[in-house]
Amino acid sequence: MIKRVFLVIVFSLAVVLSFGQPKLRPDNIEEIIKAMTDEELASLLVGAKESEFEFFEGTAAGVRSIPRLGIPATISCDGPAGLHFYPFRENTDKTFYCTAFPVGTLTASSWDTEMMEKMAAALGNEVHEYGVDMFLGPGMNIHRNPLCGRNFEYFSEDPFLSGKMAAAYVRGIQGNGVTATVKHYAANNQETNRTENDARVSKRALREIYLKNFEIAVKEGRPGALMASYNKLNGEYVQQSYDLLTTILRDEWGYEGVVLTDHGAKEGTVKAAKAGCDLMQPGNEEELERMLDAVKKGTITRDELERNARHVLHYIVSTPRFQGYKFSNDPDLKAHAELARKVAGESIVMLKNEGGTLPLKAGAKLAVYGVGSEDFVAVGIGSGHVVAKHVANMRESLTAAGFELNQDLAGYYKAYVELDHATKRVAGAMDWLMYESWGYGKKVSEPDVPLNQLPQQAAESDAAIIVISRDAGEGNDRTMVDDFELTARDRKLIRRVSDEFHAKGKKVVVILNIGGVIETASWINLADAILLPWQPGQEGAYGVADVLTGKVNPSGKLTMTFPIDALDHPSSANFPAFPQRGESEEGLRKNVDYTEYAEGIWVGYRHFATRGVKVSYPFGYGLSYTTFQYSKPVVKATSDGFTASVTVTNTGAVAGKEVVEVYVSAPSGGLEKPSRELKAFGKTKSLAPGESQTLSFSVPAYDLASFNEAASAWETAAGNYQVHFGASVEDIRASGSFTVKKVRTWEVNNVL
Ligand code: GLC
């Protein structure tokens with residue numbers, strides 16, 4: 001009885017005390033801030049992994065609640081190719097599978113921002129219906145070097161294309177009422193020593209290459225969150241850099257969202273908060289202690305606490321959880337799977353198709369080689385991995401497409417993969433959760449397939465399919481040997497199959513199921529056709545089959561260069577995968593403790609096209625089953641930049657879509673500039689044979705500017721500009737020109 005009375009008293013006291021307390025509403029944030037104690041302000045700025053609300057594996061973190069003021073806890077979860085959720089939970093038989101959409105590199109290869117936004121809208125719907133408030137995607141770092149382990153998550157070597165794709169992705173996600181997070185801001189272009197590496201970047205390369213995509217994404221996508229990267233930039237941790245997080249991001253670009261750290265605690269919690277990093281993630285008690293201690297000592301001011309808390313509270317009131325949304329835990333996974341298949345098919349890049357090899361004839365007999373045909377890689381590893389209920393593979397999709405597969409081969413690979421998985425599962429060769437949920441160690445290595453039946457397989461088949469697959473991901477960069485370069489088994493397979501099938505007048509098709517660029521120049525002569533689906537999501541194998549049958553006419557284009565040799569990239573002189581480290585102490589620190597971005601702006605095609613360095617496949621390259629003709633363009637100078645239009649006609653025999661890439665060559669003189677830079681792009685609808693469509697473009701003068709370090713200003717020089725309309729950066733189909741009468745400049749803060 002006494003206990004009951006005591007509880008009644010406590011409860012009543014709580015009610016009385018909270019009576020009259022303001023409760024958070026979208027329109028009373030200032031009142032709430034004023035009502036918060038210093039300690040409450042500090043607690044809001046340190047996230048809560050072990051928080052008071054239910055957490056499911058894969059959910060990354062959240063923001064602490066302050067019940068007294070009606071502030072709920074909110075949840076964030078990884079991406080970016082789908083929700084990183086573990087599908088099983090205690091006390092329920094219900095599963096929580098998510099859709100593994102195509103990875104960022106593939107979706108960007110569509111060069112279709114509308115489709116990107118549509119895919120992100122479906123992904124954002126899963127975020128919303130599974131009760132997540134903040135989605136940790138898009139990943140959008142520049143492909144500085146082909147061997148960065150996480151390139152699969154990212155879009156391109158070009159900042160303009162990357163920024164436009166990221167902005168479309170953000171709009172799609174946020175259209176569901178949840179928050180997208182652009183990451184990892186900035187110059188996080190390697191995985192080696194990623195939490196401590198100091199990226200040393202010139203002001204011009206920083207502004208034109210490594211910040212430009214984030215600038216476009218922030219201004220055109222309006223993301224509600226931005227994740228500061230782990231690394232240092234020019235000697236200071238990004239998450240502790242006032243220049244990056246406040247001066248550039250907020251004062252120059254007008255960013256209004258919340259800034260959070262990448263996941264892990266650093267000593268400089270207070271320095272980060274003072275620099276404008278609002279939210280420590282995932283957050284731990286030591287960080288909270290540091291923050292509270294700083295409050296006591298006054299090393300962080302109430303104004304600074306309130307400034308950061310204001311960003312966090314604006315985020316919180318925007319969340320479905322604050323708004324009491326009753327999420328269903330039941331998104332339309334079937335519809336999303338269909339969309340994932342369509343996106344994959346629309347984005348696949350056809351690198352080669354000689355002698356009408358593709359599309360294959362209906363019902364063709366196929367001999368399918370490569371373990372990737374069975375162990376098809378849907379998405380890379382790490383926080384970007386997605387646990388799909390089912391990942392389609394090539395055996396399944398080619399069979400469903402009506403092809404007749406050689407059963408000996410199919411059976412061999414199926415048995416091999418099943419044994420590999422069973423062995424890993426039983427032997428506990430790795431933490432199954434890590435394996436399943438994060439993908440580490442999941443990839444089955446290529447067996448030395450017996451080829452004694454090869455002559456018979458070639459005799460009995462119409463064509464050979466060879467799947468070359470690669471995995472890569474968070475925490476490790478790739479290597480030249482056996483990763484960028486073919487393995488001995490890859491090479492043997494391609495050579496032996498090519499010799500045998502070509503000797504019998506049969507065709508060979510190679511499918512590149514990879515997460516990053518590989519070496520191609522040494523073997524592409526052995527293949528009659530090559531498709532590049534990258535890691536195309538759980539339905540991607542069906543997307544590949546749709547292209548092989550001709551149901552989909554490929555329209556994807558490369559968003560990065562395929563070099564003849566990885567060392568042809570200037571960045572390879574300063575990248576961890578290349579053993580540049582001498583015996584010296586300094587040699588061992590290079591590209592680990594610090595990385596010199598000595599190549600400056602000369603990244604990707606900017607280097608290859610300007611300096612005439614031969615490549616295997618150029619930026620923007622991709623073939624179609626039809627052909628297109630470009631009209632003479634109309635190019636006009638405006639008071640602010642230029643406008644242009646060009647008419648594209650389908651001059652082939654089948655319907656298809658064309659990507660038109662608009663490159664601009666600035667007048668010579670003054671700053672050294674790339675011979676051409678991408679300044680606009682567009683994609684036609686599906687054009688029937690003979691059908692035309694006019695694409696129009698408008699490019700503001702600011703987008704033409706180069707960064708002048710001496711003046712700390714963007715500068716669009718006066719003079720004559722050439723405008724090139726291309727089917728790739730090398731394949732220019734039409735050109736025009738316009739004149740800028742007088743120089744235009746935009747000054748920025750002289751920082752970093
Ligand atoms: C990881 C990744 C980041 C991810 C976060 C949460 O280390 O760098 O992309 O969103 O931590 O898992």
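These numbers were taken from a predicted model, which means no experiment stands behind them. Remember, it's 1-based here, ligands and their atoms both numbered in the order they're listed.
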The protein heavy atom nearest to atom 8 (O) of ligand 1 is Asp262 OD2, 2.7 Å
Taking His128 as the fixed residue, which of Phe327, Tyr325, Phe135 is the one that meets the ring pair (Phe, Tyr, Trp, His ring centres under 6.0 Å) rule?
-> Tyr325
Output the list of atoms in ligand 1 that are nearer than 4.0 Å to some heavy atom of Arg194, sorted by atom number.
-> 7 (O), 8 (O)
Val127 vs Leu83 side-chain heavy atoms within contact, under 4.5 Å | yes
Hey, does Gln281 sit under 4.0 Å from ligand 1 if you only count heavy atoms?
-> no
Give the numbers and elements of all ligand 1 atoms closer than 4.0 Å to a heavy atom of Tyr230.
-> 1 (C), 7 (O), 8 (O), 11 (O)
Kindly indicate, with the supporting measurements, whether the criterion side-chain hydrogen bond (donor to acceptor under 3.5 Å, both in side chains) is fulfilled by Ser229 and Asn188.
-> CA-CA 6 Å; Ser229 55; Asn188 183 192; 5.0 Å; no
Please work out whether any backbone atom (N, CA, C, O) or any side-chain heavy atom from C-beta onward of Arg150 is under 4.0 Å from ligand 1, and answer side chain, backbone, both or neither.
-> side chain
Phe85 six-ring centre to Arg89 NZ/CZ under 6.0 Å and within 45° of normal | yes
Short list, please: which atoms of ligand 1 are under 4.0 Å from a heavy atom of His184?
-> 3 (C), 8 (O), 9 (O)
Only one of Glu287, Glu196, Glu286 forms a salt bridge (Lys or Arg N to Asp or Glu O under 4.0 Å) with Lys266, so which one is it?
-> Glu196
Which bit of His84 is near ligand 1, meaning a heavy atom under 4.0 Å away: side chain, backbone, both or neither?
-> neither
Does Glu153 reach ligand 1, in the sense of a heavy atom lying below 4.0 Å from it?
-> no
How long is the gap from CG on Leu244 to SG on Cys277, to the nearest 0.5 Å?
-> 11.5 Å
4.0 Å heavy-atom contact, Met227 with ligand 1 = yes
Any N/O pair Glu474/ligand 1 closer than 3.5 Å | yes
Any idea which atoms of ligand 1 are less than 4.0 Å away from a heavy-atom of Lys183?
-> 3 (C), 4 (C), 9 (O), 10 (O)
Is it possible for you to check whether Arg144 lies under 6.0 Å from the centre of the six-membered ring of Phe575, through NZ or CZ, and within 45° of that ring's axis?
-> no
Which of these passes side-chain contact (heavy atoms from CB on, under 4.5 Å) with Leu532: Asn513, Val349, Ile348?
-> Val349
Is the charged tip of Arg200 near the ring of Tyr594: under 6.0 Å from the six-membered ring centre and within 45° of its axis?
-> yes
Which residue holds the protein heavy atom closest to atom 6 (C) of ligand 1, what is that atom called, and what is the gap in Å?
-> Asp78 OD2, 3.2 Å
Give the numbers and elements of all ligand 1 atoms closer than 4.0 Å to a heavy atom of Leu136.
-> 10 (O)
